[in-house]
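Notes for the one structure printed next.
Residue numbers start from 1 in every chain, and the chains themselves are labelled A, B, ... in the order their sequence lines are given, proteins ahead of strands.
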Protein chains: 2
Amino acid sequence: MQNLLSNLKITLNEKLYVKDPETSELGRNILKNSILLMNEIGFEAFTFKKLGEKIQSNESSIYRYFENKHKLLVYLTSWYWSWMEYRMVLATTNISNPVEKLEKAIKLVTENVADDQTTPHINEEILSRIIVEEFAKTLMTKEVDTENKEGFFLVYKRVINRIIAIIQEVNPEYPFAKSLASSIVEGALHQHFLKNHLKTITNLSEKECATDFYTDMVKKILL
Amino acid sequence: MQNLLSNLKITLNEKLYVKDPETSELGRNILKNSILLMNEIGFEAFTFKKLGEKIQSNESSIYRYFENKHKLLVYLTSWYWSWMEYRMVLATTNISNPVEKLEKAIKLVTENVADDQTTPHINEEILSRIIVEEFAKTLMTKEVDTENKEGFFLVYKRVINRIIAIIQEVNPEYPFAKSLASSIVEGALHQHFLKNHLKTITNLSEKECATDFYTDMVKKILL
DNA sequence: CAAAGTTAATAGTATTACTATCACATTTTG
DNA sequence: CAAAATGTGATAGTAATACTATTAACTTTG
């Protein structure tokens with residue numbers, strides 16, 4: 001798996017960037033440090049000027065890679081979901097039992113994420129924190145319909161569609177496969193957010209992840 | 001119920017405003033039109049200057065009621081959850097069967113909202129659209145922990161705690177009552193968002209609401 | 001080695017998110 | 001009923017943000 005991943009080049013929608021950040025040192029530096037800075041100060045306070053200072057480069061240089069910080073966030077989140085999809089394919093292919101397949105998929109989208117050493121310029125653990133704290137903001141804009149048409153959220157939808165397909169394998173009669181899949185993926189992020197900030201309305205504690213809650217849920221719903 | 005509601009004065013955390021907007025004509029005008037304007041142009045593009053133009057008043061006058069637009073949004077969402085809590089109490093008290101109680105509570109938080117004529121300065125139908133499109137933003141800030149300590153989200157948590165209590169009545173053995181309750185409330189909003197913007201990953205169609213999906217879910221999980 | 005592309009630095013603009021001040025009208029109160 | 005307090009509107013001003021444009025130096029490539 002290590003070897004497979006090291007060959008992996010995650011290719012994203014070209015409309016997300018002005019210049020592909022994976023093709024230069026500066027580009028990779030922008031990705032690496034935007035993750036760190038966004039995690040430190042949050043998406044609202046994050047600016048290209050501050051990022052420029054952090055990487056000892058210039059604001060205007062960053063604008064040559066990304067039109068604005070919103071598109072950078074969409075890029076980073078798409079990268080994350082693409083990485084997630086890749087791991088999901090790896091974890092579920094060649095497993096014939098659909099229930100086992102579903103368990104693996106749910107485990108992936110609900111568990112705590114560790115850094116994947118094969119991608120030196122992306123720290124997946126920190127990126128996953130950004131997903132928990134900021135992902136909803138990529139969707140919740142007045143431009144969501146236009147951006148959706150341009151394919152900004154394709155990777156995310158593909159991850160959910162894979163889970164929908166597995167749910168349908170497990171129980172073809174269940175009438176809400178789409179809603180169940182999307183609520184698991186979004187709900188897992190939300191439970192992690194609550195664990196970090198509004199502890200009284202979640203059962204997850206400290207280092208716990210949402211796997212048990214959702215595994216129990218789908219089994220009771222589908223079996 | 002009409003009479004009860006007409007006597008209802010929704011009282012919110014004093015830290016949310018500089019001057020209580022319910023106590024003056026201008027204040028109520030700010031509430032009414034901020035809901036309309038925010039729904040039209042979205043929270044990001046919404047400014048006090050634009051609102052001032054809309055209500056033929058001045059930017060600086062609005063600042064005398066709310067420190068900034070984030071606090072105004074928290075105010076509006078708290079108002080909504082307070083109204084929701086009130087209706088939930090009304091709908092569930094004096095019902096002895098816990099399952100029936102849970103069904104009523106779920107119906108309330110998942111169904112499409114209609115305007116409540118007893119509050120002339122608040123259009124609940126439009127406010128509920130703002131909740132679907134913007135509520136997550138009230139939580140997803142770097143100040144969430146401070147604001148949580150100051151009680152900004154108390155009303156929201158109270159709504160969820162009421163559902164938690166009913167879930168525990170229905171099935172005291174179920175180990176994830178908190179996570180289930182919070183995922184129903186947040187998940188219902190998310191499903192409505194998907195219905196409006198990412199139709200392919202939800203089963204809700206056009207004018208449908210999330211009640212069936214969640215009622216089916218809790219019954220299979222708890223009974 | 002010339003052309004093309006990449007980057008850093010500087011400057012400049014419109015908008016946003018406020019703050020401060022003042023004038024005027026209305027309401028309260030002593 | 002006069003003085004004081006309060007509410008509102010108008011104007012001005014500031015720092016920060018989110019960009020765009022230009023230029024000059026440096027690097028890569030054909």
What contact category does B:T47 fall into here, base, sugar-phosphate, or nothing, at under 4.0 angstrom with non-hydrogen atoms? sugar-phosphate
CA sep, side-chain torsions, deciding dist, call: A:Y156, A:F135, ring-ring contact (aromatic ring centres under 6.0 Å, His included): CA-CA 11 Å; A:Y156 176 63; A:F135 176 63; 4.7 Å; yes
Which part of the nucleic acid, if any, lies within contact of B:S57, taking any heavy atom under 4.0 Å across all strands shown: a base, the sugar-phosphate backbone alone, or nothing? sugar-phosphate
What nucleic acid atoms does A:Y65 come within less than 4.0 Å of, heavy atoms only: base, sugar-phosphate, or nothing? sugar-phosphate
So, OP1 or OP2 of C:dA8: does either fall under 4.0 Å of a side-chain N or O from A:S60? no
For A:R64 and for A:E59, find the nucleotide of DNA chain C with the closest heavy atom, then tell me which residue's nucleotide is more 5'. A:R64
Between C:dA17 (P) and B:I62 (CD1): distance, integer Å: 13 Å
Whole-Å distance separating the NZ atom of A:K50 from the C1' atom of D:dA15: 13 Å
Which residue lies toward the 5' end of DNA chain D, A:E44 or A:N58, if each is placed at its nearest nucleotide? A:E44
Any donor-acceptor N/O pair, A:N148 side chain to A:V144 backbone, under 3.5 Å: no
Interatomic distance, A:E25 CD vs C:dA8 P [rounded to whole Å]: 12 Å
Within less than 4.0 Å of OP1 or OP2 of C:dT7, is there a side-chain N or O belonging to A:K19? yes
So what does A:F48 touch, heavy atoms closer than 4.0 Å: a base, only the sugar-phosphate, or nothing? nothing
What I want to find out is whether A:K49 reaches A:E59 closely enough, with some N-O distance under 4.0 Å, to be called a salt bridge. no
Any B:K49 side-chain nitrogen or oxygen under 4.0 Å from OP1 or OP2 of C:dT16: no
A:F66 versus A:L31: any side-chain heavy-atom pair under 4.5 Å? yes
Would you kindly give the NZ-to-P distance between B:K69 and C:dC18, to the nearest whole Å? 9 Å
